[in-house]
Amino acid sequence: MDSRQVREKFLEFFKEKGHAIIPSASLIPENDPTVLFTTAGMHPLVPFLMGEKHPAGKRLVSCQKCIRTGDIDEVGDQAHHTFFEMLGNWSLGDYWKEDAIKWSLEFLTDKKWLGLKKDNLAVSFFAGDGDAPKDEETKKIWLSLGIAEERIRGLSKKDNWWGPAGQTGPCGPDTEMFYWSGSESAPKEFDPKDNRWVEIWNDVFMQYFKNMDGVYEPLSQKNVDTGMGLERTVSVINGLGDDYRTDVFWPIIQEIEELSNLSYGDKSDQEYINKGDQCWVDTRKKFRIIADHIKAAVFIIGDKKGVEPSNIGQGYVVRRLLRRAIRYGKTLNLNGDFLTPLIKKTIEIYGNFYVEIKEKENYIIDVVKKEVEKFEKTLEEGIKALKKIYGRAIGGLDPENLPKGMIIKNNKIRVDGREVFRIYQAYGLPIEISQEIMTDWGLAFDDQTMQEAEEASETHQELSRTASAGMFKGGLADSGEKSARYHTATHLLLAALRQVLGDHVYQRGSNINAERMRFDFSHPEKLTAEQLKKIEDIVNEKIKEDIPVVCQTMPLEEAKKKNMMGIFENKYGDQVKTYVISEFSKEICGGPHANRTSELGEFKIIKEESSGSGVRRIKAILK
Ligand code: ATP
Ligand code: MG
């Protein structure tokens, strides 16, 4: 069974159970400044999990593109990827644990669906602590469905609890499903520490709200939120023991084999390790990292809201992924244009389902090519210089050509961070890449001088690396509010612009992050200081008036009749959400929004500039 079949079956199964199929959202989150990427199927659904009505109903199912930069250090194993697809089903205050678990098991084991062996399944549930009681209900349901007691394990919050991401917010216990991937038959007892038990699916039961006092109160709307990894699932169904052998990776791996003239190997990681062939696994990891990173880069660049490599935010992540792919490519003797054939393979694999990357194929290839050209020379010269440092430390040896059988690992030889910084200054090779290379060569760093070097490069590079890193993990609760406020501010701004400048003004784009909002609109000329002041004043007046923001769902036709502003692109069928702020602003919009205008604080325009012909851009903040 291949990935296409699993994807289709999942959507079909839950459709039969009354779920509406919703499309994958963009990888770049809409109006959520706290995370760089969509990290789970539930992410675009947060407002609805918080109680807002979803136009498609109370039962939803999707296959969502995800990027997890937080897992980057784990990429190289069999089952963690930067880009992966998450299959998920949701109950928004509708069905509860019994149905959710029953359906999970039915989908996994019924011959009509995945047909996995029940004997190879194990599950975990929340064992309870001082905050919330043991999730007996879940355990009982699994037992009643015929899962053996020894295969059910109660675990702590660390493993079986979801949220809240912020100080307060919805949260609850979850139950995880594992499948045995070992070549021998599954042990009677489930040991969560044995990594041959692969986690494939997670059902989260949002039933509490953690309040300001840290107390877990029962939620009025209880939700089910599930997430199943497509790659892992395809791998276990086919007994592959390695996601990279599934149809969503294997053609890329084969292409790397071809280009490098090296083999990925046919044994499992564990078999190589048992035979003392660690170097096989090390080489294989490079294959995996290259395949993973190029795929993630293709999806980020090719997204509907895609970005190119740059030094900040999502762009920086793309840059980092490509640079790592290039560098690991070098260690397999892959140079020059080796990423182009890998991009083509990726698009061959996914292009029919994710048409956006197919449509942007040439563009993606171009963007990557430019990045490779820019980076290759830097990397070559940087590595040469690093080899000199290495040679001085290890008596003139070449790290990539060590005498046979010699392995240098974690040894006491410490590299002076200032030397790495000098390489950065001379050739532009980023410190983190030098660090990675040296670590691969088995050298350690002197912490003190390394830290000094990093601080120095931070100011030199202007990279918001730490800022981006902080956003890798991401929270929901606090951010939700912030972005909702900015979102409402864009509505007030549009209405004020039309009042001051005229009815030719339409929204052309908007972008919100933690510090500011950016709003593009149609208007032929630069705004005067007077106009800007007037616009700002109108918005602040409306904020002071403390007007409620009223949300209503209605058919698209009705919204048009009521002269609602908005982009008439209906994502979820005919019903659309509308937000009305008295007579002042009426827009079709996905939300989320503040409840009342007074929540916005003070609105301040900080910049007005051109954004292409006939389009102006305003940057503003809420104080
Ligand atoms: P793990 O503990 O294995 O990292 P997780 O607890 O982070 O998984 P969830 O956040 O519960 O996973 O995500 C739901 C499902 O998505 C998981 O059961 C798994 O199948 C899949 N998944 C999560 N992270 C990744 C990843 N980096 N690559 C591939 N699949 C993933
Ligand atoms: Mg994880």
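Order of appearance sets the numbers: ligands from 1, and atoms from 1 within every ligand.
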Which donor-acceptor pairs under 3.5 Å do the side chains of residues 108-119 make with protein atoms, sequence neighbours left out?
unit_1: T109; atom_1: OG1; unit_2: L105; atom_2: O; d: 2.6
unit_1: D110; atom_1: OD1; unit_2: K112; atom_2: N; d: 2.8
unit_1: K118; atom_1: NZ; unit_2: L145; atom_2: O; d: 2.7

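Of the N and O atoms on the side chains of D77 and Y244, not one donor lies less than 3.5 Å from an acceptor on the other residue. Judged by distance alone, the side chains of E85 and Y354 do bring a donor and an acceptor atom under 3.5 Å apart. Under the 3.5 Å distance criterion, with hydrogens and angles disregarded, a donor-acceptor pair is assigned to the side chains of Y350 and K295.
Scanning for ring-ring contact (aromatic ring centres under 6.0 Å, His included) contacts around F84 gives an empty result, with sequence neighbours left out.
Residue contact check for ligand 1: C66 places no non-hydrogen atom closer than 4.0 Å to it.
F205 and W96 have perpendicular rings, their planes meeting at more than 60° on a 0 to 90° scale where under 30° would count as parallel.
Taking distance alone, with nitrogen or oxygen atoms compared against 3.5 Å, M228 stays at or beyond that limit from ligand 1.
Heavy-atom contacts of D71 reach the following atoms of ligand 1: 24 (N), 26 (C), 27 (N) (cutoff under 4.0 Å). Contact atoms of ligand 1 toward N202: 11 (O) (distance under 4.0 Å to a heavy atom of the residue). Listed by number with element, the atoms of ligand 1 under 4.0 Å from a non-hydrogen atom of I200 are 18 (O), 20 (O). Of all atoms in ligand 1, numbered sequentially from 1 with element shown, those under 4.0 Å from a heavy atom of M86 are 13 (O), 14 (C), 16 (O).
Of all the heavy atoms of E74, none lies under 4.0 Å from any atom of ligand 1, so neither backbone nor side chain is involved.
Nearest residue to atom 9 (P) of ligand 1 from Q78, R68, E176, R232 is R68 (criterion: closest heavy atom).
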